[in-house]
There are 2 protein chains.
Amino acid sequence: MTVSNRAEQELNSGEVTRLKIMDAAESLIIQHGFAATSLRAIANAADVNLAATHYHFGSKQGLLESVFHRRMRPVGIARLGALSALESGKAALTVDAILKAFFMPFYDAEGSELLTILPGLVARIYAEPAVLTQPLLEKEFSQVASRFVAALQKTCPGVSEQEMRWRFHFMVGSMIQFLRFQAPMGLVNEADGFRDGLDRLVNYSVAGIEQLGVVE
Amino acid sequence: MTVSNRAEQELNSGEVTRLKIMDAAESLIIQHGFAATSLRAIANAADVNLAATHYHFGSKQGLLESVFHRRMRPVGIARLGALSALESGKAALTVDAILKAFFMPFYDAEGSELLTILPGLVARIYAEPAVLTQPLLEKEFSQVASRFVAALQKTCPGVSEQEMRWRFHFMVGSMIQFLRFQAPMGLVNEADGFRDGLDRLVNYSVAGIEQLGVVE
DNA sequence: CTTAAATTAAAACGGTCGTTTGAATCAAAT
DNA sequence: ATTTGATTCAAACGACCGTTTTAATTTAAG
């Protein structure tokens, strides 16, 4: 059997169990957080034996890392890809375009099941106690952040790298808030609510990063 | 014994225990989160019998609510007071001044021990699973938010209440991010780091809320 | 078919969890 | 001094935790 087209390839029993565990863990972790989600609850939701969690992931922490890694790596790749495409294009770089590249994974996920997962998972990474997730964040996110900060700096001459990293920091905070709660408290979101909120987030962030109106 | 000056009044045994428990719980919850903090760890850190936690707070959830309430009510009061003082003053309202009123509790806390507590606690409220803290947030925060949104709207004619609530939503996200991580990843914060970050947060948020430079 | 490896299964390990109980101790008022 | 209520204490409750062990079962290769 060749390794070529893995999409059509049938998964062996072990891989199927691995996926069932990760899916169940992902859903429960999003709902209740990492500490409050037990391996027994995960195994039960996945319809899998409890020991399978340790067989496939070694430990609860190992499962957490796998769950986060599976979703976050494609996000980072999509972001870097979108930014590279932007930089190699002929159009001039704008803050608006760069931020849309950063939010690309969420624009892309519209209409897919990913939209019910990605926001909750990203938000949870930032919500868990730092000792659990800081290594994951550092590993998966820091180089992506650096690339975007550098790109943003090019469009805002006169803004130091340090200052731009602060602004990027605040922008990420707004993004997390949006992913976590979607609309503000008491504001219901209608039909195409996610796209609407995302566009508002872009506008808000562009203003914050450019800071054209602020007088010192 | 009169009730007048409670500051000099000695606390009876029960109140002292209550405070010791809340102090210990606060510190541990900030460090490890609610689910990962056990009542035994709290009682141990407070040098108090385990059963005292249930005697004084009824349940773990009850303790959580008391811990949050104790710090958050003064924050809300300080914010509303600062905003009222602003509105009854003769100077024209500005977004900058309103936001500084909103951040007032953190400006005030500079140099006090509160600065080691408030940021971590506020950040944790937003980090815990929604089912735990959403009632607390709704109760303690929503009316304060409404007052500030209304004030901001007056300084930005043409911005609907709904739109301003979104911008305020994003601003809160940036604030949480700052309170939780202080400086961006990999950026160390020197001597007067907190004040510096707070000022950057104000500038960023003013730009986002006014959105002067954004072309649709 | 046989054999070896990969995977699943059931059961138990020692611990810790939130909560409850009932007696002991303390404080203040009669 | 005695009584009453508030508070503290040690101990235990049943339940659940992450992890490990051992054996059964399935899968794939010789």
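Every value quoted in this text rests on a predicted model; they were computed, and no experiment measured them.
- Taking side-chain N and O atoms only, B:Ser38 has a distance below 4.0 Å to OP1 or OP2 of C:dC17.
- Side-chain atoms of B:Gln211 and B:Glu163, non-hydrogen and from C-beta on, do get closer than 4.5 Å to each other.
- Regarding B:Glu15, its CD atom lies at a distance of 11 Å from the P atom of D:dT8, rounded to whole Å.
- Taking atom CD1 of residue B:Ile21 and atom C1' of nucleotide D:dC9, one finds them 13 Å apart after rounding to whole Å.
- Each of A:Arg71, A:Gln31, A:Arg124 was scored for a side-chain hydrogen bond (donor to acceptor under 3.5 Å, both in side chains) with A:Glu26, with one residue passing: A:Arg71.
- Between B:Arg79 and the choices B:Val75, B:Ile77, B:Leu83, the side-chain contact (heavy atoms from CB on, under 4.5 Å) rule is met once, by B:Val75.
- Using the six-membered ring where Trp is involved, A:Phe194 and A:Phe106 have ring planes that are tilted, between 30° and 60° apart.
- Within residues 42-64 of chain B, the residues approaching DNA chain D are B:Asn49, B:Ala51, B:Tyr55, B:His56, by heavy-atom distance under 4.0 Å.
- Comparing A:Arg40 and B:Thr37 by the nucleotide of DNA chain C that holds the closest heavy atom to each, the one mapping nearer the 5' end is A:Arg40.
- Protein atom CG of A:Leu132 is 13 Å distant from nucleotide atom P of D:dG18, rounded to whole Å.
- For the OP1/OP2 pair of D:dT7 and a distance below 4.0 Å, the side-chain nitrogens and oxygens of B:Thr17 include no atom meeting the criterion.
- Note: A:Phe178 and B:Phe170 have perpendicular aromatic rings, judged against thresholds of 30 and 60 degrees for the angle between ring planes.
- Annotation: the span from A:Asp199 atom CG to B:Trp166 atom CH2 amounts to 10.0 Å, rounded to 0.5 Å.
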